[in-house]
Amino acid sequence: NGHAVFVTLEDTMVRYHRMRGDDTLWLPGVDHASIAAQFVLDKIIAEEGETRDSLGRERYLERMWQFMAETRGVIGEQMRRLGASADWSRERFTMDPFSARAVRVAFKKLHDADLAYRGEALVNWCPRCLTTISDLENVHAEEMGTIWTVRYHLARADGTPDPDAWISVATTRPETILGDTAVAVHPDDDRYRAFVGRDAFLPFLGRRVPIVADASVQREFGTGAVKITPAHDFDDYALARRHDLPMINVLAEDASMNEQAGEFAGMDRYEAREEVLARLRAMGDLEAERAHQMTIGRCERCDTVVEPRLSVQWFVRTGPLAERALASVRKGRTRIMPDHFEKVFAHWMENIHDWAVGRQLWWGHRIPAWYCPDGHITVSDQPEGPDACAACGRPATELRQETDIFDTWFSSGLWPFSTLGWPDETPDYRRFYPTSVMETGYDIIFFWVARMMMLGLFCTGLEPFHTVYLHGIVRGDGGVKMSKTKGNVSDPLAVVDEIGADALRFALTVGTAPGSDQRLTAAKLDGARNFSNKLWNAARFVIGAQPEPMAEPEGEPTLPERWIRSRLADATARATRQLDSLDMSGYAGGVYDFAWNDYCDWFIEAAKVDLRREEASHGERARAWWAAAETLATTLRLLHPLMPFVTEAIWSHLHELDPALTGDEPLLVTAAWPAGSVQDPEADAAMADLIELVRGIRNLRTEGGVPAGSWMPLALSPAARADAAAIQSALRYLEPLTRTRPIELRAPGTTPPSAVPATTSALGVAWLEASAGQVEAGGRASEARAAQLRTGIARLETLLAQPNFVERAPADVVQRERDRLEDLRGQLASLTGDLG
RNA sequence: GGGCGGCUAGCUCAGCUGGUUAGAGCACUUGCUUGACAUGCAAGAGGUCACUGGUUCGAGUCCAGUGUCGCCCACCA
């Protein structure tokens with residue numbers, strides 16, 4: 001379903017711009033997702049009784065290519081079924097040779113600029129995936145754990161532990177005691193002032209560690225004294241660097257205790273924890289134990305508790321890169337939608353750490369760094385590597401390449417330009433770079449968007465896109481996030497099979513806002529399906545209503561014809577504006593409203609009258625039909641970006657009927673977006689009056705308990721202001737639309753008999769000429785209406801009586817309120833006159 | 001510990017730079033197999049726009065604070 005959202009949004013944007021005649025490219029492709037892919041493939045081969053090591057690097061990677069080909073096929077098929085009109089001839093993959101080259105070149109460029117370096121540091125390590133992971137892949141959550149207080153005995157003058165003097169430290173990870181190299185207290189803490197400078201003994205291993213003072217220690221927390229394990233804790237690491245303390249790694253790569261752990265070596269970290277606790281208890285040095293809520297980081301992929309690990313790694317120095325990316329956003333050269341994500345983006349960029357880009361995995365691009373026996377590093381962007389060590393000239397044969405691969409996001413970060421041929425200035429690159437819109441989920445704004453901004457600006461000197469459109473997460477009926485692990489992912493293809501891709505696309509677009517999550521409920525999908533069904537049926541009507549024989553259209557357009565063209569012009573203008581500003585939901589809602597409420601509910605119903613009028617000439621019927629068909633055709637153009645399938649199907653029928661309807665374009669996908677046309681305010685107003693009157697009369701029928709099927713005589717007393725032609729043209733539609741016959745025109749100012757409910761509109765006052773008993777007596781409708789009018793009038797009178805309002809509000813606002821007041825007074829006058 | 005967002009009809013949500021009587025879909029009530037569509041048509045009911053204060057002629061909309069739910073970021077043992 002994640003696919004369905006981005007395909008829908010991107011495809012809608014792209015189809016719109018193609019219809020506009022813009023030079024449009026939607027380049028499809030996928031990344032190689034190294035850690036996730038290995039995680040999945042490891043499981044698959046495990047079922048075959050194999051492991052990564054049993055297969056070996058080469059065969060494992062062969063399997064991976066095969067697996068990836070299948071996955072890509074599935075994703076491509078899904079996208080196509082959803083209607084993705086991407087340029088499949090340019091499909092790209094982050095493991096293809098173009099990407100590989102871009103990765104090498106980009107990395108060398110970074111290294112040359114001193115923005116990539118190799119160094120020893122503490123990184124997040126997943127003991128199950130056996131690789132470094134980035135801060136972002138280390139997901140923190142609150143968990144209940146235990147905090148223990150442990151006694152470290154002080155060293156006596158003779159160098160032995162003092163059984164009666166100790167310093168107590170608090171820890172949540174007792175096994176790391178084995179890697180402690182100090183105890184720290186706050187310099188101003190009176191309790192421990194005398195301890196500073198002395199040594200304490202670790203409970204095991206017989207190691208003496210110094211007690212140091214450091215302001216980073218929180219006096220209030222725990223005992224106020226903290227054990228320092230530099231190789232296994234980020235705080236401790238920083239402190240150790242300040243105090244020049246040794247760093248002892250006691251964990252192996254799978255998080256079992258290593259040989260530094262002495263007698264604990266070989267135990268798993270949690271076994272060792274229990275063992276350490278048991279011994280401390282036995283020695284009487286476990287002072288306290290209590291439940292403790294803490295934050296624990298787990299591997300995003302496999303949920304294993306992450307270990308900080310001291311190792312030599314490749315890093316990207318992000319400071320200068322982030323500064324530039326941030327400046328771009330601040331200056332508005334790249335806009336993030338919705339706006340408030342700019343703050344989120346800025347906050348992250350301002351607090352960014354260097355990026356550990358190396359991964360101890362197989363599936364990915366190997367870091368193009370070569371080491372010579374003398375320790376020199378040569379970074380090369382050549383596919384075959386360097387000829388010789390850049391520092392000492394040793395031949396390539398004596399160099400060995402780094403075995404670590406890049407974080408997938410490194411190659412993904414180059415996507416906007418690596419896919420267009422960079423570092424070469426290819427025609428595609430010149431034509432399409434920088435790109436315009438980056439559409440993706442807000443959940444990967446840091447992983448991907450931030451990296452593309454940083455690397456794009458660094459590599460190409462240009463912002464890789466001018467707009468970032470972030471979509472939200474799709475949640476299921478209960479508001480639960482759909483995730484593969486929870487197994488509540490609904491298969492988009494199953495939905496497509498059931499209700500069609502168009503309906504799914506519509507449901508995913510309407511009523512959503514960028515950056516906000518949405519609930520995709522069954523009811524919403526139903527509504528979307530109903531809409532595509534509605535379109536189909538409206539088209540069926542239009543197609544079936546073509547007059548026989550079809551003649552040259554003639555005669556003046558009727559009111560509904562003028563009106564629907566005006567409404568269409570308005571709908572077109574709005575849709576254009578909305579799509580230009582990426583208001584996808586507004587666009588979807590707007591065309592829906594036009595197609596259903598204006599076109600189907602009012603125009604088609606009115607057009608039926610004209611199409612079936614017996615006295616109409618062939619030419620007049622042809623004109624009436626043409627208006628309906630033409631409007632339908634334009635509506636299809638408006639809807640096509642969002643609902644490509646139904647619209648295309650209907651289009652082909654219209655084209656078959658008369659190519660003039662489709663502008664001689666057999667395919668809607670390549671047809672043009674409708675040009676704007678002028679609105680017709682006169683028709684808008686006249687039709688609004690007619691609609692108001694129709695509604696009023698229908699209301700009278702319902703309120704009066706008139707059976708829906710029966711014809712009722714109607715009396716209409718035209719308003720003095722209404723012109724005769726307008727009344728005449730309205731009558732034609734009034735009759736069938738309100739099921740009233742005959743309609744008697746009374747003199748202006750005529751009032752209905754007392755107690756007969758009437759409806760007042762700009763066109764006049766109307767009431768049902770009921771035979772006795774057919775209309776329930778009473779003027780409830782009129783009373784209610786009069787009350788409404790009185791409230792409105794009172795409100796406006798108060799408002800207009802305020803000098804402040806009249807003097808300080810803009811003239812047009814004041815005038816508008818005055819007009820409204822006049823209008824309401826007029827309506828009330830005729831209504832109260834009628835009531836007697 | 002910081003930051004961000006939501007709070008509008010029974011439900012899911014629109015509501016742009018403050019200005020008609022606050023909207024839609026679904027659900028609900030009533031009536032309709034009217035020759036495109038019952039996946040439909042017509043009419044209707046339903047809201048102190050979370051709360052408090054402020055700015056303003058005018059606040060769902062802007063400002064401050066409170067509550068509540070959710071999310072993101074963060075190296076407190």
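Below, chain A is the first sequence line, B the second, and so on; all start at residue 1. Computed from heavy atoms alone, side chains included, the values below leave out hydrogens, waters and symmetry copies.
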note = Taking B:A36, B:C57, B:A77 as options, the one with an atom nearest any side-chain atom of A:Lys227 is B:A77
ask   = Is it true that the side chains of A:Tyr442 and A:Asp517 contain a donor and an acceptor less than 3.5 Å apart?
value = yes
task = When you get a sec, tell me which of B:G40, B:A43, B:C73 is the closest nucleotide to the side chain of A:Asn699?
result = B:A43
ask   = Quick one: do the A:Asp526 and A:Asn530 side chains pair a donor with an acceptor below 3.5 Å?
value = no
task = Examine distances only and state if a side-chain atom of A:Thr223 and a backbone atom of A:Ser168 form a donor-acceptor pair shorter than 3.5 Å.
result = yes
query = At under 4.0 Å between heavy atoms, what does A:Gly511 touch on the DNA or RNA strands: base, sugar-phosphate, or nothing?
reply = sugar-phosphate
Separation of B:A42 C1' from A:Ile691 CD1 (nearest whole Å) = 14 Å
ask   = From the list B:A42, B:A36, B:U39, which nucleotide is the closest neighbour of the side chain of A:Asp601?
value = B:A42
A:Glu605 (side chain) and B:A36 (base): donor-acceptor pair under 3.5 Å = yes
Separation of atom CZ in A:Phe531 from atom C1' in B:G25, rounded to whole Å = 12 Å
task = Could you please name the option among B:C73, B:A77, B:A36 that lies closest to any side-chain atom of A:Leu136?
result = B:C73
task = Could you tell me whether the phosphate oxygens of B:C41, OP1 or OP2, come under 4.0 Å of any side-chain nitrogen or oxygen in A:Trp596?
result = yes
task = Mind checking A:Ala539 for me? I need base, sugar-phosphate or nothing, with any heavy atom below 4.0 Å counting as a touch.
result = nothing
message = Nearest to the A:Thr702 side chain among B:A43, B:C37, B:C32, which nucleotide is it?
response = B:A43
ask   = Which sits closer to the 5' end of RNA chain B, A:Asp236 or A:Trp602, going by the nucleotide each is nearest to?
value = A:Trp602
query = Rounding to a whole Å, what distance do you find between A:Asn533:CG and B:A36:P?
reply = 14 Å
task = Take atom P in B:C26 and the same atom in B:U66, then report the distance between them in whole Å.
result = 41 Å
ask   = Do A:Ser710 and A:Arg701 touch side chain to side chain, with heavy atoms closer than 4.5 Å?
value = yes
key: Phosphate OP1/OP2 of B:A36: any A:Arg540 side-chain N/O under 4.0 Å   = no
query = Of the nucleotides B:A36, B:G19, B:A77, which one has an atom closest to the side chain of A:Ala809?
reply = B:G19
Protein-nucleotide distance (A:Glu797, atom CD; B:U20, atom C1'), rounded to Å = 16 Å
request  = Write down the distance between CG (A:Leu525) and C1' (B:U12), rounded to a whole number of angstrom.
outcome  = 12 Å
ask   = Using a cut-off of less than 4.0 Å, is there contact between a side-chain N or O of A:Arg816 and OP1 or OP2 of B:G19?
value = no
query = Can you check the A:Ile445 CD1 to B:C4 C1' distance for me, whole Å?
reply = 11 Å
task = Would you check, one step at a time, whether the test side-chain hydrogen bond (donor to acceptor under 3.5 Å, both in side chains) holds for A:His353 with A:Asp135?
result = CA-CA 9 Å; A:His353 298 305; A:Asp135 295 341; 4.6 Å; no
query = Looking only at side-chain N and O atoms, does A:Arg519 come under 4.0 Å of OP1 or OP2 in B:U12?
reply = yes
key: Distance, rounded to the nearest Å, where A:Asp583 contributes CG and B:A14 contributes C1'   = 10 Å
message = What I want to check is whether an N or O donor and acceptor connect the side chain of A:Lys343 with the base of B:C4 at under 3.5 Å.
response = no
request  = Say whether A:Lys534 and A:Ser532, considering side chains only, have a donor N or O and an acceptor N or O under 3.5 Å apart.
outcome  = no
Whole-angstrom distance between B:G23 and B:G46, as gauged at atom P = 14 Å
query = Step by step, would you call A:Phe506 with A:Tyr592 a ring-ring contact (aromatic ring centres under 6.0 Å, His included)?
reply = CA-CA 9 Å; A:Phe506 184 82; A:Tyr592 172 95; 5.5 Å; yes
ask   = Which part of the nucleic acid does A:Lys534 contact within heavy-atom distance under 4.0 Å: base, sugar-phosphate only, or nothing?
value = base
note = Its contact letters, B for base, S for sugar-phosphate only and - for none at protein heavy atoms under 4.0 Å, make nucleotides 58-69 of chain B read ------------
message = Distance check, P atoms only: B:C71 and B:U29, in whole angstrom units.
response = 36 Å
request  = Rounded to the nearest angstrom, tell me the gap between atom CD in A:Glu692 and atom C1' in B:U20.
outcome  = 14 Å
request  = Could you say whether A:Arg698 or A:Gly709 is positioned toward the 5' end of RNA chain B, judged by the nucleotide with the nearest heavy atom to each?
outcome  = A:Gly709
key: Separation between the P atoms of B:G5 and B:U61, rounded to whole Å   = 16 Å
query = In dot-bracket notation, what is the pairing pattern of RNA chain B, taking Watson-Crick (N1-N3 plus N6-O4 or O6-N4) and G-U wobble (N1-O2 and O6-N3) contacts under 3.5 Å, with [ ] crossing and | for other strands?
reply = (((((((..((((.....[...)))).(((((.......))))).....(((((..]....))))))))))))....
key: Candidates B:C73, B:G5, B:U39 - which lies nearest the side chain of A:His340   = B:G5
Polar side chain donor-acceptor pair, A:Ser581 to A:Asp583, under 3.5 angstrom = no
query = How about A:Phe341 and A:Phe345: are their ring centres within less than 6.0 Å of each other?
reply = no
task = Could you check which of B:U39, B:A36, B:A74 has an atom nearest any side-chain atom of A:Asp135?
result = B:A74
ask   = Any donor and acceptor pair, going by atom type alone, linking the side chain of A:Arg151 with main-chain N or O of A:Glu287 inside 3.5 Å?
value = no
Test: A:Arg173 cationic atom under 6.0 Å from A:Trp148 six-membered ring centre, within 45° of axis = no
Shortest side-chain distance from A:Ala170, nucleotide among B:A77, B:A36, B:U20 = B:A77
task = Could you tell me the separation between the CG atom of A:Asp354 and the OG1 atom of A:Thr318, rounded to the nearest 0.5 Å?
result = 4.5 Å
request  = For nucleotides B:G18 and B:U56, find the distance between their P atoms and express it as a whole number of Å.
outcome  = 16 Å
